[in-house]
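Computed from heavy atoms alone, side chains included, the values below leave out hydrogens, waters and symmetry copies. Read the numbers this way: they start at 1 and go in the same order the structure lists the ligands and their atoms.
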Amino acid sequence: MEKKIPVIIDCDTGVDDAGALMMACASDRLDILAVTTVSGNVGLEHTHPNTLNVLKLFGRGEIPVAKGADAPLVRPPFKASAVHGFNGLRNYQFAENTTAAQVDLPAAAYMAKLLEERAEKITIIALGPLTNVAILLLARPDLADKIDKIIFMGASYQDGNPTPIGTFNVLVDPEAFRICLESGLPVYGVGRLLALQHAYITQDELEEIGRIGNRVGDFVYRILSAYTDYRLVDGKKVIAMFDEATVAFTAAPELFTCQKYFCEVDCGNDWKRGLTYIDFDGNLKKAEEEKNLYYVETADREGFVKLMLDAIRSYG
Ligand code: RIB
Ligand code: CA
């Protein structure tokens, strides 16, 4: 078997973060060293316990969870409760809450501890605003060379949620994304458009999840059925899998294509905030080493859906 990829997953556990954690926990290609939590879809008072509870539900209650930032670096937080529900999981109630896996160190400090201790480089999968990752890079630039890559659910240039142009994770903390783009590290952007166009499930596939009949399938079916960020095509739901696609890209990159470009992010305060300017045509004539974003452009949708449903089935 191929060597597993050591990862830290940073998330603002809402509905799609939970789906992404489900896929990561089921993957035999990922070694999840820790999960860190950040304010995003809903406040940290929900994203943190949601993370602890879903990991236990997935049978991975041993994975250390470190609590992170409860607000962006230099902006007031805003939430996506309308989409994810007041508690982030469409008001799903767990039989019991757990804090057993919570570690005492805050997220950035725990990331730093792992980067110092581990011999091999670590991949950071960022499924929420990049606040924790930016704090780590600002506080411990000496550890940057222990990070193999940052794989981020974000980057948008022609669509956005909820503004016309800024995808949520960038919109909430654009300065954090700029810090990552300027870090010199390999940053991969799994954009919103990728999921809208290639990594989505249909209503029929959602119903197939509902028929799998194990506790994880029932959980995923429940929260996705109540999730409101979907499109209707011919009267049927099409649900983009933003965070699930990001984990899938990490675990099964062969299902995706990506290209390296020069990119800047808009950190202004008007409607363009969070816009990811990507020089697709190379008009700026940037040198190869100045290109700072691997933008994920396509996905094999059937392969992605199979990976997701097989992951759910693997829970027995
Ligand atoms: O725009 C979608 C992203 O923002 C997803 O990561 C979702 O969970 C929210 O964090
Ligand atoms: Ca997320």
What protein heavy atom sits nearest [atom], and how far away is it?
| atom | value |
| --- | --- |
| atom 5 (C) of ligand 1 | D16 OD2, 3.2 Å |
| atom 6 (O) of ligand 1 | D243 OD1, 2.6 Å |
| atom 1 (O) of ligand 1 | N161 ND2, 3.0 Å |
| atom 4 (O) of ligand 1 | N169 OD1, 3.2 Å |

Counting only heavy atoms, which portion of V15 has something under 4.0 Å from ligand 1: side chain, backbone, both, or neither?
neither
With a 4.0 Å heavy-atom cut-off (strictly under), which part of L127 contacts ligand 1: side chain, backbone, both or neither?
backbone
For ligand 1, which atoms have a heavy atom of [X] less than 4.0 angstrom away?
| X | answer |
| --- | --- |
| M153 | 2 (C), 3 (C), 5 (C), 6 (O) |
| F168 | 1 (O), 4 (O), 9 (C), 10 (O) |
| D17 | 8 (O) |
| T167 | 1 (O) |
| N41 | 7 (C), 8 (O), 9 (C), 10 (O) |

Just checking, any donor-acceptor pair under 3.5 angstrom between side chains of [X] and [Y]?
| X | Y | value |
| --- | --- | --- |
| T298 | T257 | yes |
| N53 | T98 | no |
| N87 | N50 | no |
| S39 | D70 | no |

So which N/O/S atom does D12 have closest to the Ca ion (ligand 2)?
OD1
Can you name the N, O or S atom of D243 that is closest to the Ca ion (ligand 2)?
OD2
Spacing of CG belonging to L185 relative to CD1 belonging to I150, to within rounding of 0.5 Å
5.0 Å
Atom CZ in F242, atom CG in L196: separation rounded to 0.5 Å?
4.5 Å
Please state whether the rings of F249 and Y188 are parallel, tilted or perpendicular, taking 30° and 60° as the class boundaries.
tilted
Would you call the rings of F219 and F94 parallel, tilted or perpendicular if under 30° counts as parallel and over 60° as perpendicular?
tilted
Taking the Ca ion (ligand 2) as the apex, O on L127 and OD2 on D17 give an angle, to 10°, of 90°
Near the Ca ion (ligand 2), is there an N/O/S atom from F168 that is less than 3.0 Å away?
no
A quick test of your reading: do over 12 heavy atoms of other residues, nucleotides or ligands sit less than 6.0 Å from NZ of K4?
yes
If only atom types and distance count, is the side chain of N132 paired as donor or acceptor with the main-chain N or O of A69 below 3.5 Å?
yes
